[in-house]
There are 2 protein chains.
Amino acid sequence: MKVSKAQQRQETIAKLLEIAREHFSTQGYAHAATEDMVKEAGLTRGALYHHFGNKEGLFRAVLESVQKEIAEQVETEAAKSQDPWEQLLNGCRAFVTSAVEHRNRRILLIDGPSVLGWEAWRKMDEEHSMQLLQAQLQSMAEQGYLAAVPIEALTHLLSGAMNEAALWIAQMPDQAHSLEQMTRAMTLMLEGYRVK
Amino acid sequence: MKVSKAQQRQETIAKLLEIAREHFSTQGYAHAATEDMVKEAGLTRGALYHHFGNKEGLFRAVLESVQKEIAEQVETEAAKSQDPWEQLLNGCRAFVTSAVEHRNRRILLIDGPSVLGWEAWRKMDEEHSMQLLQAQLQSMAEQGYLAAVPIEALTHLLSGAMNEAALWIAQMPDQAHSLEQMTRAMTLMLEGYRVK
DNA sequence: AAATTTAACATACAGACTGTATGTATGTAA
DNA sequence: TTACATACATACAGTCTGTATGTTAAATTT
């Protein structure tokens, strides 16, 4: 049976991304050995270095797919409402819910900044979910929904709050309850920016 | 000349902590080589492993001293006012100001959670600056200054917000200006929790 | 259709780094 | 002063990443 190179390439990359995501999530970047990953994929490290350049390149590609998935979730949930305030809260809750998941959490929130450096990580973040948040805030400000506040600073403040929220919820025994509590705290936090 | 063992021990540990802090801050945990650090201290890796067990142990000790310094700053600044709201805001600003510093930032906010794991990092955090924040919030809630909100969730939300705030400010060209903007955003954020 | 090129790997090896086992000298306590 | 513990130094083994080179099959060119 004959397999096209394009197809082979795509399949190999997809397989490595999936396996690496699992390894990075459970072991962390530093303790995930490239040899173990490629072995699980039925390949050798040659394939990895061919497609991703180095271990960090593989991690970056994995993080990119994590970001895309989360941004999609956030966008979908936010779009379910017409009211800007509800859109904002829906999006925030969707982000936290996604970020809590095992296959996203460590890669996105723990190892991401450490492995790529905060600036590179932040740049990636800006091109995905943070972008959505800032656009929403910007639009709300222009429509007069928000009190006078520097948008960029606010975006980072909220983003940081939600990142930690996800990490906190993730390790609590009753996650549903913790999410409720956190939603309450987040709702009040956002209230501070409602124009009076 | 004869040096007591206790004194020798103390000096060696102090020297290694200081040098390691600089190396971890500039190179990051992963790229800081133990050999380089001990060489700079005029020692060998034997000394490091004797006193700290392993590289992670050294990092943990460094982080501990970072935490202590920051908590001290926060406490000092907060104590400068009698008004609980002002204490809270002073403390928050002091935390951000300290966390921004080069010798604290990466160790505390970037590599800390990645190297020690989030749970261990959080536990250390709780024993230092986060403890102060939660105590302040708790006391404010009991005195009727705060709206009804789960304190633990709130503590993490605010802590996360400030962590990201520090990282954002750190990489902005005009840090003084950015700190002002962030203070404005933080002030409004806290307003959300003021009892109405 | 044959020849050539190129993409997708596999293999082998070098270098860096951590951790451990062991040796040694000096201070300390009985 | 002798026995022991502490504070290291030294040597070595194991792991892991990255790179250089080889190989095979598909794609492209002639």
Side-chain angles (χ1 to χ4, degrees), chain A residues 1-63 107 111 114-117 120, chain B residues 1-63 107 111 114-117 120:
Chain A
M1 182 179 148
K2 191 161 131 176
V3 183
S4 84
K5 287 228 164 177
Q7 186 184 345
Q8 182 180 358
R9 176 188 179 85
Q10 181 201 334
E11 281 171 9
T12 298
I13 289 179
K15 206 190 300 178
L16 282 177
L17 282 179
E18 190 188 359
I19 292 172
R21 185 166 173 175
E22 174 64 19
H23 280 240
F24 286 146
S25 285
T26 58
Q27 327 227 8
Y29 179 82
H31 294 98
T34 53
E35 180 65 35
D36 292 349
M37 305 195 235
V38 295
K39 194 178 290 173
E40 193 174 322
L43 296 162
T44 66
R45 290 171 56 251
L48 194 161
Y49 280 83
H50 176 68
H51 288 294
F52 299 101
N54 55 21
K55 188 183 178 183
E56 193 181 313
L58 173 61
F59 180 82
R60 179 185 300 271
V62 169
L63 178 51
I107 294 169
D111 286 338
S114 172
V115 171
L116 302 182
Chain B
M1 185 183 146
K2 188 163 134 173
V3 183
S4 84
K5 290 229 163 178
Q7 186 184 345
Q8 182 180 358
R9 174 188 182 85
Q10 181 203 334
E11 282 171 5
T12 298
I13 289 178
K15 206 189 300 176
L16 282 177
L17 282 178
E18 190 188 0
I19 292 172
R21 184 166 173 174
E22 175 64 18
H23 282 239
F24 286 145
S25 286
T26 58
Q27 327 228 7
Y29 179 82
H31 295 98
T34 54
E35 180 65 35
D36 292 351
M37 305 195 238
V38 296
K39 195 179 287 174
E40 192 174 324
L43 297 162
T44 66
R45 293 171 54 252
L48 195 161
Y49 281 84
H50 175 69
H51 288 295
F52 299 102
N54 54 21
K55 189 183 178 184
E56 192 181 314
L58 173 62
F59 181 82
R60 179 185 301 270
V62 169
L63 177 51
I107 293 169
D111 286 339
S114 172
V115 172
L116 302 182

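Computed from heavy atoms alone, side chains included, the values below leave out hydrogens, waters and symmetry copies. Chain A is the first sequence line, chain B the second, and so forth, proteins listed ahead of strands; every chain is numbered from 1.
- Counting to the nearest Å, the C1' atom of dA26(D) and the CD atom of Glu11(A) are 15 Å from each other.
- Residues passing the salt bridge (Lys or Arg N to Asp or Glu O under 4.0 Å) test with Arg45(A): none are found, sequence neighbours excluded.
- Rounded to an integer number of Å, the gap from NZ of Lys55(B) to P of dT15(D) is 18 Å.
- Listed here is the closest heavy atom pair of Gly28(B) and Asp111(B): CA-OD2, 3.4 Å.
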Can you check nucleotides 5-8 of chain D for protein contacts, nitrogen or oxygen pairs under 3.5 Å, and list what you find?
| unit_1 | atom_1 | unit_2 | atom_2 | d |
| --- | --- | --- | --- | --- |
| dT6(D) | O2 | Lys5(B) | NZ | 2.1 |
| dA7(D) | OP1 | Arg9(B) | NH1 | 3.4 |
| dA7(D) | OP2 | Arg9(B) | NH1 | 2.8 |
| dA7(D) | OP2 | His50(B) | NE2 | 3.1 |
| dA7(D) | O3' | Gln8(B) | NE2 | 3.0 |
| dC8(D) | OP1 | Gln8(B) | NE2 | 3.1 |
| dC8(D) | OP1 | Thr12(B) | OG1 | 3.3 |
| dC8(D) | OP2 | Thr12(B) | OG1 | 2.9 |
| dC8(D) | OP2 | His51(B) | NE2 | 2.9 |

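- Between Ile107(A) and Phe59(A), the closest heavy-atom pair is O-CZ, 3.8 Å.
- With rounding to whole Å, Tyr49(A) atom OH is found 12 Å from dC16(D) atom P.
- For the pair Leu58(B) CG and dG19(C) P, the computed distance is 11 Å after rounding to whole Å.
- Contact check of residues 14-21 of chain A against DNA chain D (heavy atom, cut-off under 4.0 Å) returns no residues at all.
- The side-chain contact (heavy atoms from CB on, under 4.5 Å) test applied to Ala61(B) returns Leu17(B), Phe52(B), not counting sequence neighbours.
- Against DNA chain D, the stretch residues 25-35 of chain B makes no heavy-atom approach under 4.0 Å.
- Between Asn54(B) and Leu48(B) the shortest heavy-atom distance is O-CD2, 4.1 Å.
- Take His23(B) and apply the side-chain contact (heavy atoms from CB on, under 4.5 Å) test, not counting sequence neighbours, and it matches Ile19(B), Gln27(B), Ala32(B), Asp36(B), Met37(B), Glu40(B).
- One interatomic measurement links the two molecules: CE of Met37(B) to P of dG19(C), which rounds to 11 Å at whole-angstrom precision.
- The side chain to side chain donor-acceptor pair (under 3.5 Å) with Glu11(A) is formed by just one residue from the set Arg9(A), Gln8(A), Lys15(A), Gln7(A); it is Gln7(A).
- Residue Lys39(A) contributes atom NZ, which lies 13 Å from atom P of dA10(C) at whole-angstrom precision.
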Full working for side chain to side chain contact (heavy atoms under 4.5 Å, CB included) between Phe24(A) and Leu63(A): CA-CA 10 Å; Phe24(A) 286 146; Leu63(A) 178 51; over 6 Å; no
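- Tyr29(B) and Glu56(B) get closest at one heavy-atom pair: OH-N, 3.3 Å.
- Of all non-hydrogen atoms in Ala41(B) and Leu16(B), the two that sit nearest each other are CB-CD2, 4.0 Å.
- Residue-to-nucleotide proximity on DNA chain C shows that, of Arg45(B) and Ser4(B), the 5′-proximal contact is made by Arg45(B).
- Summarising the geometry of Lys55(A) relative to Thr34(A), their closest heavy-atom pair is CG-CG2, 3.8 Å, with the distance given to 0.1 Å.
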